[in-house]
Amino acid sequence: MDFLLMLPIPYIEEKMEIYRSLQEQGLWDEINVFNLVFLVKIVITYFLLWKCELIARFNPFVVILLKVEILSLAAFILFYNLPVFAFRLSELLGVVEVILFPLLYYTIKPDYASKAIVGVIALVFLFIGVFYNQVIYI
């Protein structure tokens, strides 16, 4: 993390110093790297990596998508000291999940089971994003 503070680019250097000072004041807490959502993303990514050859028959870009997803997961872990930067970079790269996670459909044999599993995963991520992150207050 210290190498980000040493970047000679003025705008980025100022932002990193501001984020660091706000964190020292206690504005942001540390990231729990082992939260359930992150672990589920790792498991799904590993499963897709395992079934990569099968999925490549249906989507030739699966290798590139998996590489970007792994970079997203790695960015979350590498920059956990600065939560704002870790979340933003991870979410920026994690956009590929929209295309990548539905590819689970091709890895499970009964069509109804694969549709159900992909649907449940999508609903769980939707509910976590909306209700747990408090996008909508109820």
Side-chain angles (χ1 to χ4, degrees):
M1 184 57 223
D2 293 331
F3 70 90
L4 282 177
L5 295 174
M6 297 182 336
L7 285 176
I9 303 170
Y11 180 75
I12 294 176
E13 188 177 23
E14 291 171 9
K15 287 291 186 184
M16 291 300 141
E17 279 297 324
I18 291 170
Y19 287 149
R20 175 66 84 194
S21 66
L22 288 174
Q23 186 179 12
E24 289 173 357
Q25 293 174 3
L27 186 62
W28 290 302
D29 295 331
E30 290 291 320
I31 295 177
N32 180 9
V33 180
F34 298 108
N35 63 28
L36 186 60
V37 175
F38 186 70
L39 293 177
V40 168
K41 287 181 182 182
I42 289 174
V43 169
I44 292 172
T45 304
Y46 181 73
F47 182 75
L48 289 171
L49 187 63
W50 180 44
K51 297 288 188 175
C52 184
E53 292 178 8
L54 174 68
I55 299 170
R57 290 187 229 157
F58 302 101
N59 187 342
F61 301 109
V62 70
V63 175
I64 297 170
L65 295 171
L66 279 170
K67 287 179 182 181
V68 174
E69 177 64 17
I70 290 169
L71 285 175
S72 169
L73 297 173
F76 188 76
I77 293 171
L78 290 174
F79 301 114
Y80 76 95
N81 289 332
L82 198 58
V84 173
F85 190 71
F87 278 114
R88 287 184 183 179
L89 187 59
S90 177
E91 289 296 320
L92 177 69
L93 296 173
V95 158
V96 298
E97 294 170 359
V98 174
I99 300 169
L100 194 60
F101 287 174
L103 295 176
L104 284 169
Y105 172 78
Y106 299 114
T107 63
I108 303 166
K109 276 298 173 197
D111 286 342
Y112 64 88
S114 61
K115 289 178 185 177
I117 290 172
V118 170
V120 166
I121 290 172
L123 284 176
V124 166
F125 280 127
L126 175 72
F127 288 145
I128 288 172
V130 171
F131 296 114
Y132 183 73
N133 294 336
Q134 296 179 348
V135 174
I136 297 176
Y137 297 102
I138 293 180

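Source: prediction; values computed, not measured.
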A side-chain contact here means heavy atoms from C-beta on lying under 4.5 Å apart; do [X] and [Y] qualify?
{"X": "D111", "Y": "Y105", "answer": "yes"}
{"X": "V40", "Y": "V124", "answer": "no"}
{"X": "R88", "Y": "F79", "answer": "no"}
{"X": "I99", "Y": "N59", "answer": "yes"}

Between [X] and [Y], what is the shortest heavy-atom contact and its length?
{"X": "E97", "Y": "P102", "answer": "O-CD, 3.7 Å"}
{"X": "L54", "Y": "T107", "answer": "CD2-CA, 3.9 Å"}
{"X": "V37", "Y": "I128", "answer": "CG2-CD1, 3.5 Å"}
{"X": "L103", "Y": "L48", "answer": "C-CD2, 4.3 Å"}
{"X": "S72", "Y": "S90", "answer": "OG-O, 2.7 Å"}

If you round to the nearest 0.5 Å, how far is [atom2] of [Y] from [atom1] of [X]?
{"X": "I55", "Y": "L66", "atom1": "CD1", "atom2": "CG", "value": "7.0 Å"}
{"X": "K67", "Y": "L49", "atom1": "NZ", "atom2": "CG", "value": "10.5 Å"}
{"X": "K41", "Y": "L73", "atom1": "NZ", "atom2": "CG", "value": "7.5 Å"}

If hydrophobic clusters are built from ILVMFWY residues whose side chains come within less than 4.5 Å, do [X] and [Y] share one?
{"X": "Y106", "Y": "V120", "result": "yes"}
{"X": "V130", "Y": "V95", "result": "no"}
{"X": "F125", "Y": "V43", "result": "no"}
{"X": "V118", "Y": "Y46", "result": "no"}

F58, CZ atom: more than 12 neighbouring heavy atoms under 6.0 Å:
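Check passes, neighbour count above 12.
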Verify the neighbour count for atom CZ of F47: are there more than 12 heavy atoms of other residues, nucleotides or ligands below 6.0 Å?
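Counting other residues, nucleotides and ligands, CZ of F47 exceeds 12 neighbours.
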Classify the angle between the aromatic ring planes of F87 and F76 as parallel (below 30°), tilted (30 to 60°) or perpendicular (above 60°).
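Geometry flag for F76 against F87: perpendicular rings.
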What do the steps show when you test F38 against I77 for side chain to side chain contact (heavy atoms under 4.5 Å, CB included), and what is the final call?
CA-CA 10 Å; F38 186 70; I77 293 171; 3.6 Å; yes
Which is it for S114 and L104 under the side chain to side chain contact (heavy atoms under 4.5 Å, CB included) test, yes or no, and what are the steps along the way?
CA-CA 7 Å; S114 61; L104 284 169; over 6 Å; no
Run the side chain to side chain donor-acceptor pair (under 3.5 Å) test against T45 and tell me which residues pass, sequence neighbours left out.
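Per chain and number, T45 pairs via side chain to side chain donor-acceptor pair (under 3.5 Å) with no residue.
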Begin from the C-alpha positions of I44 and L100 and carry the test side chain to side chain contact (heavy atoms under 4.5 Å, CB included) through to its verdict.
CA-CA 10 Å; I44 292 172; L100 194 60; over 6 Å; no
